[in-house]
There are 2 protein chains.
Amino acid sequence: MAGDGTVYEELKAAILRGDFSPRQRLVEVELSEDFGASRFQVRRALHTLESDGIVEHLPNKGARIREIGIDEAVEITEVRMVVEGLVAARAAERVSDEQAEALLDVGRRMRAAVEVGDVGTYSELNGVLHSSLRDIAQHHKANGIIARLHGQMVRHQFALSRVPGRPSVSVVQHENIIAAVVARDPMAAEAAMRAHISSVIEALRAIA
Amino acid sequence: MAGDGTVYEELKAAILRGDFSPRQRLVEVELSEDFGASRFQVRRALHTLESDGIVEHLPNKGARIREIGIDEAVEITEVRMVVEGLVAARAAERVSDEQAEALLDVGRRMRAAVEVGDVGTYSELNGVLHSSLRDIAQHHKANGIIARLHGQMVRHQFALSRVPGRPSVSVVQHENIIAAVVARDPMAAEAAMRAHISSVIEALRAIA
DNA sequence: GCCAACAATATTGTTGACAATATCAAGGCG
DNA sequence: CGCCTTGATATTGTCAACAATATTGTTGGC
């Protein structure tokens with residue numbers, strides 16, 4: 001029914017929402033029925049998801065959800081570390097006064113959430129902070145790569161958010177990032193971002 | 001006729017070779033005749049090339065070679081800078097004695113090529129050096145991203161190699177990278193790589 | 001009861017035809 | 001003369017049917 005390219009969006013959203021489990025087969029006709037789309041459109045969506053690194057395609061055996069192990073998750077996060085470092089540095093160069101104030105506000109709300117123990121809000125603010133930095137940096141290429149990598153990390157991202165005690169550690173790192181960006185200090189901003197994501201990598205390894 | 005996925009390889013090679021000019025339309029039937037493939041296969045290849053960032057696809061208007069301006073080329077190279085920095089650091093951690101010797105040999109041949117003024121050989125050795133580092137680092141995710149970015153840069157890469165006087169500058173930078181990797185110093189290797197690619201960015205800006 | 005050969009089914013891969021859309025050319029009107 | 005309308009052509013978008021391949025189930029032999 002839907003002639004748009006929405007099949008891709010919907011299917012991707014469903015996968016990111018966790019509707020499918022790793023290595024689960026994605027049968028074309030099933031999906032086309034579920035989404036009310038033609039097999040043709042499902043096929044194209046699967047192909048795009050494959051180059052997003054979310055789905056893998058085995059010849060003559062169809063598509064399945066790619067399983068991303070700890071090793072690969074670490075690699076992804078390592079790349080994310082340096083690219084988000086670039087974004088942070090660039091944000092420090094370009095941030096406006098209003099944007100700086102907004103960042104400080106996010107920082108304050110993060111600390112408040114941690115003190116109350118509101119993990120959900122903290123996790124949400126975490127996403128807001130990182131995406132705000134991307135908005136400020138306006139580095140199209142970096143943003144695209146980060147988005148792609150993020151899509152591959154959803155499952156581990158979820159696991160990470162459940163590690164107890166992490167918020168109280170990372171809130172300080174986030175404050176350091178914000179302080180450096182607000183101070184218009186690119187080098188410090190990059191260093192702070194890398195320190196932060198570096199600790200995420202350690203937490204990832206600790207899960208395994 | 002070719003039932004393989006070789007259409008993608010061939011078409012990509014043709015584009016990278018420079019057989020098409022930026023913004024040139026890629027008509028499906030033309031390509032299918034040229035490559036002796038079906039329109040179906042061409043279509044899939046175009047879709048993949050689109051997610052490679054080499055081709056852009058306008059709805060109902062088909063595919064064309066993406067034109068990458070200086071601004072975007074700079075962005076690409078900025079990302080490449082940090083990701084190759086990561087690769088260099090990792091290479092310094094993992095390099096074996098034989099690999100170290102091979103790197104030193106590449107360095108010597110680079111200097112020799114520069115002194116003789118053999119630009120072609122120098123450019124080739126440049127590629128060998130960077131790809132050797134990727135082989136040593138074994139960072140699958142970083143390597144993939146670098147390859148993707150490289151594909152988008154071919155045209156500018158060519159322009160860069162023609163800038164007179166660049167080899168004599170960059171050969172020193174390359175020697176610094178090699179020295180740091182051979183010394184097993186990750187931080188120095190990353191710094192050297194970033195310094196090198198940073199100067200590439202300056203050269204890029206200078207072209208415009 | 002277990003294994004191999006083979007048939008039945010399910011699923012992906014491909015094709016050619018057709019529909020939808022855009023591009024271009026020519027003619028008519030102001 | 002310029003410009004809009006209209007028709008002709010080129011090109012992409014979609015589909016449904018078919019071919020190729022993999023998976024599953026079944027039968028027969030031992």
Side-chain angles (χ1 to χ4, degrees), chain A residues 1-68 151-152, chain B residues 1-68 151-152:
Chain A
M1 188 70 47
D4 300 288
T6 56
V7 195
Y8 165 68
E9 326 279 2
E10 287 182 38
L11 182 50
K12 183 173 179 180
I15 295 173
L16 266 49
R17 197 184 312 122
D19 290 5
F20 303 89
S21 41
R23 304 196 64 81
Q24 179 173 343
R25 285 190 61 189
L26 299 171
V27 179
E28 295 175 0
V29 285
E30 278 182 23
L31 295 176
S32 60
E33 285 166 7
D34 291 356
F35 289 95
S38 74
R39 210 187 123 205
F40 184 81
Q41 293 164 319
V42 170
R43 193 162 245 271
R44 181 172 43 179
L46 287 174
H47 190 175
T48 306
L49 286 167
E50 188 192 352
S51 40
D52 285 349
I54 297 175
V55 154
E56 65 183 341
H57 185 89
L58 315 172
N60 290 322
K61 293 188 73 178
R64 58 173 65 179
I65 305 288
R66 263 196 60 196
E67 174 157 49
I68 284 154
Q152 304 174 4
Chain B
M1 191 67 45
D4 299 287
T6 55
V7 194
Y8 166 69
E9 324 280 359
E10 287 182 39
L11 182 51
K12 183 173 179 180
I15 295 173
L16 266 47
R17 196 185 313 121
D19 289 3
F20 303 89
S21 41
R23 305 197 63 82
Q24 178 172 343
R25 287 189 60 190
L26 299 171
V27 179
E28 296 175 0
V29 285
E30 279 182 21
L31 295 176
S32 60
E33 285 166 8
D34 291 356
F35 289 94
S38 73
R39 209 187 123 203
F40 184 81
Q41 295 163 319
V42 170
R43 194 164 244 272
R44 182 171 43 180
L46 287 174
H47 190 170
T48 305
L49 286 167
E50 189 192 351
S51 39
D52 285 350
I54 296 174
V55 153
E56 66 183 342
H57 184 89
L58 314 172
N60 291 320
K61 295 187 72 180
R64 60 172 66 180
I65 304 287
R66 264 197 57 198
E67 173 156 50
I68 283 154
Q152 304 173 5

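What's counted below: heavy atoms across the whole structure, side chains too, no hydrogens, waters or symmetry copies. Per chain, numbering begins at 1; letters A, B, ... match sequence-line order.
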Over how many whole Å does the gap from [X] atom [atom1] to [N] atom [atom2] extend?
{"X": "B/F40", "N": "D/dA17", "atom1": "CZ", "atom2": "P", "result": "17 Å"}
{"X": "A/L58", "N": "C/dT12", "atom1": "CG", "atom2": "P", "result": "11 Å"}
{"X": "A/E50", "N": "C/dT12", "atom1": "CD", "atom2": "P", "result": "13 Å"}
{"X": "B/R44", "N": "C/dT12", "atom1": "CZ", "atom2": "P", "result": "14 Å"}
{"X": "B/R64", "N": "C/dA22", "atom1": "CZ", "atom2": "P", "result": "14 Å"}
{"X": "B/H47", "N": "D/dT12", "atom1": "NE2", "atom2": "P", "result": "16 Å"}
{"X": "A/R43", "N": "C/dT14", "atom1": "CZ", "atom2": "P", "result": "7 Å"}

Next item on the list: Of all the heavy-atom pairs spanning B/L16 and B/G151, show the shortest one and how long it is.
Entry: CD1-O, 4.1 Å

With distance as the sole test, does [X] use its side chain to make a donor-acceptor pair with the main-chain N or O of [Y] at under 3.5 Å?
{"X": "B/E33", "Y": "B/E28", "answer": "no"}
{"X": "A/S38", "Y": "A/Q41", "answer": "yes"}
{"X": "A/E30", "Y": "A/V27", "answer": "no"}

Between [options], which nucleotide gets closest to the side-chain atoms of [X]?
{"X": "A/N60", "options": "D/dC15, C/dA22, D/dT21", "answer": "D/dT21"}
{"X": "A/K61", "options": "D/dT12, C/dG13, D/dA22", "answer": "D/dA22"}
{"X": "A/S38", "options": "C/dT12, D/dC15, D/dT12", "answer": "D/dC15"}

Check: Hey, are B/Q24 and B/S21 close enough side-chain-wise for a donor-acceptor pair under 3.5 Å?
Finding: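 There is such a pair between these side chains.
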
Next item on the list: Please check the phosphate of C/dG13 (OP1 and OP2 only) for any side-chain N or O of A/H57 closer than 4.0 Å.
Entry: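 Yes.
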
Margin query: Between A/R39 and D/dA16, is there a contact of a side-chain N or O with OP1 or OP2 at under 4.0 Å?
Written below: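 No, because none of the side-chain N or O atoms of A/R39 sits under 4.0 Å from OP1 or OP2 of D/dA16.
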
Next item on the list: Under 4.0 Å from any atom of DNA chain C, heavy atoms only: list the residues of residues 24-31 of chain A that qualify, in numerical order.
Entry: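 The stretch gives A/R25, A/L26, A/V27, A/E28 as the residues lying under 4.0 Å from the strand, ordered by number.
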
Check: Atom CD1 of A/I65 and atom CZ of A/R25: how far apart are they, to the nearest 0.5 Å?
Finding: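 It is 12.5 Å, given to the nearest 0.5 Å.
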
Next item on the list: Would you mind telling me which of A/L46, A/V55, A/T48, A/I54 makes a side chain to side chain contact (heavy atoms under 4.5 Å, CB included) with A/L11?
Entry: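 Considering A/L46, A/V55, A/T48, A/I54, a side chain to side chain contact (heavy atoms under 4.5 Å, CB included) with A/L11 is found only for A/L46.
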
